[in-house]
Amino acid sequence: MFPAPPTFEDLNVWAALPVIILSLWASVLLVADRFINNKFYVAAYSLLGVGISLVIALFQAGDLFDIGESGTAFEGMFMADQFTYVVNIVALISAAIGILISYEYLERTKLDRGEYYILLMFSAAGAMLMGSSNNLSMIFISLELLSIPLYILSGIRRPQEESEESAMKYFLLGAFSSSFLVYGIALVFGAAGSLDLGEIVVVAQTISEQEATQRYLLLIGAGLITVGLGFKVAAVPFHMWTPDVYQGAPTPVTAYMSSVAKVGGFAAFLRVLVTGLPIIAEGGDAAVWVDTLQILAALTLLLGNLVAIMQYDLKRLLAYSSIAHAGYILIALAAGGVPGVGDSAAQAALVYLAAYAFTNIGAFAVVAAIEKDDSTGTTMDDIKGLAVKRPWLAGAMSVFMFSLTGIPLTAGFIGKFWVFRAAMDAGLEPLAVLGVLTSAISAFYYVRVVWNMYFETGDAVVPERQQYLTSGLVITAAGTLILGLLPFILENLVRDASLAILR
Amino acid sequence: MQLENTGVSIVSAVLFSPLVGVLVLLFWPRLTDKQVRIATLINTLVTFAFSLLMLSQFDSSKGMQMEQVDEWIAGLGIYYHVGVDGISIWLVMLTTFIMPIAVLASWTGIEEKVRLFHGFLLLLEVAMVGVFVSLDLFLFYIFWEVSLVPMYFMIGMWGSKDKVDFFGREMEARIYAAVKFFLYTVAGSILMLLAILYVGNKAETFDFMLIRDLMRSGQLVFTEETERLLFVGFFIAFAIKVPVWPLHSWLPDAHVQAPTAGSIILAGVLLKLGTYGLVRYNLEFFPNAAIDFAPYIGALAVIGIIYGAWVSYAQTDVKKLVAYSSVSHLGFVVLGIFAMNSAGIQGAVLQMVNHGVSTGGLFLLVGMLYERRHTKAINAFGGLWKIMPIYSGFALVIALSSMGLPGLNGFVGEFTILVGSAGSDTLDIWYTVLATIGIILAAVYILFMFNKVFMGPVTKQENQELEDLTWGGNWYELSALVALTVVIFVIGLYPKPFFELMDGAVGDLVAQLDATLQVAMK
Amino acid sequence: MLESSPVAIELYVLLSAVLFVMGTLGVLLRRNAILIFMSIELMLNSANLALVAFARQWNTIDGHLMVFFVITVAAAEVAVGLALIVAIYRTKKSISIDDLHKFEG
Amino acid sequence: MENVLTAVPLVVFIPLAGMLINLFFGKYFGEFGVGFIGVTASGLAFVVAALLWAGLRDNNFEAVVVNPPLFDGWISIPSANLEIPWQFRVDTLSVTMMLVVSGVGTLIHLYAVGYMHGDPRFPRFFVYLNLFLVFMMTLVTGNNILMMFVGWEGVGLCSYLLIGFWFDKSRVFPDGVSEGWKNSNAARKAMIVNRIGDFGVLLAIFLTFWTFGTLDFYKPDEQPIGGHAEEAEEHALVIASTDEVIAEEEHDLSNMGFLNQAQVLLSDGEEHQVKFGSVDLSLKAIVTLITLLMLLGAAGKSAQIPLFVWLPDAMAGPTPVSALIHAATMVTAGVYMMVRANVLFHHAEVSSFIVTVIGATTAIMAGFIAVGQWDVKKVLAYSTVSQLGFMVAAVGLGAYAAAIFHLVTHAFFKALLFLASGSIIHGMEHGHHHSHDSHHAHHEEEFDPQDMRTMGGLRRKMPITYWTYVIGTFALAGIFPFAGFWSKDEILADSFRVFWDEGELKGIFALMLLITAAGFTAFYMWRQVSLVFYGEPRHEAGEHASESSLLMTLPLMILAVLSIFGGFLNTPSDLPLLTDLFGAHKFTDWLGHSVVNAHAGEFLWWLALGALGVAVFAIFAARQLYADETTSTVRITGDPLARNPQTSQAFALANAKLLWDEMYFKYLENPFNVASRFLADRVDWQFWHDFFHHNIVYLPFDQGAKGISGNVDKVVIDKGIMMVFARGPWEIARRVRRVQTGFVRIYALTILLGTVLVMIAILFPDIRDILGI
């Protein structure tokens, strides 16, 4: 009844090497942490582990490892293609920068515990796995692997009320939404009889109008999965947790979370919807969920950008901004349901995610740099006159703000360009127009940040320069500019990323 | 379609030579303010020298030339593609010429954060030259947007110290102006981004030359409706930048609040990005829509000519007066462009240069006065000619050039534009008649300003001690004015080479437009 | 009669749906964090029920496997959740989620 | 001799060199050096002009077009067929103008050296004067209408600069305006009014270009068609016949200047249709339009109704300027232009009629106003306007040669009169200073050296000035045999001819008005002579006045000689003795080589005698009214005309200049200013800038954002702009929150609602069609 035990070659372990190394490294460190008193070394070892993993991921992405034609591992559970590699790279870079910007912050707020880094690594592994899942059960497990450490990290600053509260909210709502996801998975399983995306897609594409029950199961399942993943990526109307959690969590955690949760969430989103569930609508040739996602994208764009305008706290502002940016990636996702556009949409989403990861972590890192030890000092007033006190910090922040606005020569522009292009390709012009309009609106609040830093004078005290955080900032700022100046780097990277079944 | 990579072109040297200065200013450990100024001046002069070299190599018998192509984002058909033709070369020359003047204009005016300011100046130069030389829509858009950022900072950080009453709340006027400038221009350019994306997707490349070939060969055709929408997408972005009446509301704020160098560059070059775009993209890509819209845009231009002149006459602030005069002058340029014949377009291109020189000069003059007197109110002056004869002499020449006195540069441009519009197939003769009234009005407001400031007896005690220009005392001001004046005379008396160089490019464009027009008229 | 005829798959799914809705309502109506958490467990288990039922229908082990994972993950969540509840109780002396409203806007 | 003719650019470049030298080095030279350079530059230009005259004669009077060195073109757009070169034209008309400009100019330069003595900006004055010569020469030598326009505007600029030369005078007039501002505003007024005229010239240029495809008067290698040097010798009226001759020949229009094209096309008797752009008119209509627009330009430059108002104000400039620019040369540019375009005017009957009416009306109106003036220069200014009206009317009557002839003689005697009046003013000022020095405290009142009421009795103090002034007066009044007699008579004779021979109404209209104007001329001139020179001095200044230096009186004497004999340039035929002595129609024949429609008028002895009678009568009337005893009391009692109840109203009207300025202010300037302020403050700023862009664009955006975000951050609200409006949504949000009990559950509820939304969207894709989105 069971086939012969698989060989190493069958398992194709090499393809999953980065995530395996990362998880193992984290597990070892979990134990070793007990014996390391100076938590600096835990941070350093974590960074090393992430670094090793990243190097391997880069080699894989550059086609330097021969990993076989099929590109699957672990008997089809694990998808090892260019998409996976790019997600790996982005997640790992986020993790590395997350570690860099955390150390001093944790130190000065008396939070320097070893498990912080370990949890961070585990959640990165979760995000990586989400990008490579080829099976709904994998999606669920990796999602939880991503989320649970993040719940803990948000509350790591106990007994501070804000931190605890944000962790609690995040946890309860996260669990609530994963139950939607699980139920959706169950229904899809009920309709397709398999959890493997490759088998689901066959059903999804061949299902006819007559098989009403199955069809409805599939549709409702897809809808519930959308809800579950929509929560993770903070799509409106599943976004309510975002501002509270982002504001309450320690800033480096927010920085890391804002990036890695989106990377993982959208990677899974793309895998599930574009690869697994391109259900064709009646009488059309695009997937049914295109319209649904269009609605979500439109809501997300509008709400995120409009509400962000009125924010006074920078963390909260960036939280709404991250909601808004989810909207732009949702545009790409929606475009992914249109035949022939799936691949370019996925590429656009990847480019956007990469650009966003650098920019957003950088922006939060600046906030972390100016935050005081009692976790105040992150308001608009506190950055007034920053250009005089800390010119380089202000300069970096301006770069991030311009990138988030989508001004050319920054990564943000490249991401938006790709996304709008995909939308145009897919015939979603109204959505592209909305995206462009809302990015003009976004200029309002991003520019206000720059304005406060450069044009206003303020007397807020800014913490001392922090060495590792600065290096993290340099990397993110450089990344933002380099990706903006030399977009072909990204283009080369994502060119072979291919997900689409609809051609 | 693919383009072959080429070697490095002199155009790239012009484009990126200010970047050297940016890097130096960023990373050189210790520089005094004076060294910063000198380094920037040298850098801009070197750039100007490069552009002169480029001019000397220009072959008026060829169209687009000195092109450089490098593959950039191959998957999307995006290239690093730069080059110049008879239209863009003059605007590049204008930019590289205005920049040293802007540096000289801020020689003593800028005393805070000198290094940053000059860094922004040089960055702005890269962006502006980039807009003129880029032959790829993607590249163009990048430079277009980048040009915003330094100007935003220049206005916001080094702008005037005025306060405005902003609906009950006191506010720094420069900040309001900076933000307004930024938002208006961004709002315009996003529509253009959509249009660019659409065209690029349709053509499967973003390269200007390839798209142009596709369109001319009929391989890329838009429906009437689409073409109009795309035209509007591009037009609004450009119109805000120009600014075409009634989108000019940001201009008085930005001009008045900007530091002198900022005003010079804004008036001198930045506004031309819009008019250049109209010629390069709107006319080239969407001739049918352009013909359809020409009467309406021409009407806006004419209204702008008269309205701008009329409104500037009532101003009490010298700088605001000059700012509104730009609305009027740029109205002529737009009128010339949408006359859609050779005379109109060549006049428009030359007038872009002229306006850059003369209005840039006026802002320079106002800036000098402001530095000496710390006011821009017209009433604060009077009789300066007696106190500062040399300064006033230059002011006279530049004011007359702005007024369009024959023999000076402004006239050549305005005349050619009006000749074009008078015989235009797209614009009625009445447009020309009304626009010519604008020439009368130009005399009215310019002479009003000149009389109030420079003539009459000296009544204010503060004005008695104002310092005139001398080589020993303020060589930087004098040399900037001399340079401007020389150009004013050269273009005014001998514009032939200017027209000669652009004749090929414009002739080519007009031939296309004429063909479209012939079809449209049938 | 009823006893001997096979139970239709629809009934399992119906039951699981009812349970899922009840869990959802629990989350919406209860204030006590632990009870909310229990409601979430109910939702997860309703999904488990559906999974098992479908696995049986399709005669594959995928569904069963998934159930195991769901149970495991739920356990992990319980660990984290309880820890958080305890921590909150220590600072606030309350586990009513309506007391969590430090943020606004 | 052709190589002499190629020297024509020198007439521009020599004054230019003089101007540049004085501009850059004038401050090192001192008055003598500056004056020397200025006068020399002008004098050399005259020499060149004289050489050109000789050269042209040797060249059989054939026009030559010369390209300047260095500038091988100006505006040149091959793809638009727009080719406008810098080219100098030497023909009889341009050489005439050059001679007048540089000849009179040199004398005035010389005079100015004396007049401007001691002025702190002495060098600059000569810079401006030389610059004026540069532009005036460009105007008259340009071979295309645009180059003429360069000079046209350039002289306007110099006029502006020179009127406002004393912009800094701080003397305050009784109406509270300082003299400096008056001068500056007069300068501005001149420039702006001229610009209104330029509007016409520019439009005429555009029409010309699109109609004829070129702006060249004539191409370099062609001669005017219809030039009838031979016919002119027969003193016959041959215009009608030349048309037929022209029509018979074959012409290549594409290689012709626009004047020849017009000549050919308009003479062939066929209808030609002109089509360009949106214009579709007959050639006749276009030519009428062009000429009317030219008339508008000429009205500006040559001070005709309705644009003459700047010229009286322009007297604010130093007197040599008034003489050179505002009497002898610049103001005649309009007449020059119309004569240059005589081909067009000749074929545009409607325009010619309007030109005649405008010219004649201007002549009489200005003559009337001059009667009521007190300012010695204002009288002369209105006199100039009046005489320019004569010239313009002559153009309208087709008497182009007569117009230019009058232009030349007028240049002589009007320059003379102005310079003499300058001498008077100089003398008065000198006397004022003299008396001022002796008694200090007495002179609180401001002294106006130009007010004729303060003069009187200067005949003995300034004999040379007196005698030259009287000569000038006779010349202007048209007393035989002074210059004005001949030139004015030719115009009058022509108007009669037009009426009698051609039966045109404009002829008799012009004749009536012009004769009356001539009467006015004689009257106000003698009134002036009486007030200034006769009687007793009415002011201490007059008592202390003394004759000006030789530097100033020498030009007066030379000009007086020219005013006496200038008329013999164009002696009519068939006169006893004079014709034998001076030849017949010399000037008309000479001019006929370039002005194709020039023709010699008949000498009507009865008309000449009549006009002379009118002039003499007017002089005697003035002599009677302003007798010595009256003159001596005029300062206290006012003008005799004002005292006489029959004429007092007319005098008041003349004194008030017929209220032209006031009307312009009320109906044009003031509305313009008010509208301007309204546009700028209300429309552009308050409505468009503040209201629209703030309230309509910015605030709703702001409010919308606030409404969505529900509870706006307190800090922002407190600082915020629209507290009141933002409170509303905030309160609602708070109330909503009070009903709900907890946030987390709201969040969960939202998620549930979102799920429902997603379900609806995914299960019922048709819903979009139903909702219509």
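Note on naming: letters A, B, ... go to the chains in the order of the sequence lines (proteins, then strands), and numbering restarts at 1 for each one. Here the structure is a predicted model, which means the values were calculated and not measured.
- Contact annotation for A:E429: only side-chain heavy atoms (C-beta onward) come within less than 4.5 Å of a heavy atom of chain B.
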Given the rule in the side-chain contact (heavy atoms from CB on, under 4.5 Å) test, do B:E145 and A:L409 qualify, once you have shown the distances and angles that lead to the verdict?
CA-CA 9 Å; B:E145 287 281 288; A:L409 292 194; over 6 Å; no
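- With contacts defined as side-chain heavy-atom distances shorter than 4.5 Å, the pair B:L194/A:M424 qualifies.
- Taking each heavy atom of B:I142 and A:P408 in turn, the nearest pair found is CA-CB, 3.3 Å.
- Contact count against chain A (heavy-atom pairs under 4.5 Å) is highest for B:F153 among B:Y198, B:Y141, B:F153.
- Note that OG of B:S147 is 9.5 Å distant from CD1 of A:I407, once rounded to the nearest 0.5 Å.
- Distance check, rounded to the nearest 0.5 Å: NZ of B:K202 to CG of A:D425 gives 11.5 Å.
- Interface residue B:Y152: backbone and side-chain heavy atoms are both found under 4.5 Å from chain A.
- The shortest non-hydrogen separation linking B:L191 to A:V436 is N-CG1, 4.4 Å.
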Got a list of side-chain donor-acceptor pairs under 3.5 Å for residues 412-420 of chain A, not counting sequence neighbours?
residue, atom, partner, partner atom, Å
A:K416, NZ, A:L404, O, 2.9
A:K416, NZ, A:T405, O, 3.1

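- For A:L490, no part lies near chain B; criterion is any non-hydrogen pair under 4.5 Å.
- Proximity to chain A (any heavy atom under 4.5 Å) is restricted, for B:L193, to the side chain, taken from C-beta onward.
- When each of A:V388, A:V447, A:L437, A:T410 is checked for heavy-atom pairs under 4.5 Å with chain B, A:V447 comes out on top.
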Can you list, pair by pair, the side-chain donor-acceptor contacts under 3.5 Å of residues 12-21 of chain B, counting residues two or more places apart and other chains?
residue, atom, partner, partner atom, Å
B:S12, OG, B:Q68, OE1, 2.3
B:S12, OG, B:Y80, OH, 2.9
B:S17, OG, B:T47, OG1, 2.7

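- At least one donor-acceptor pair under 3.5 Å links the side chain of B:N201 to the backbone N or O of A:R421.
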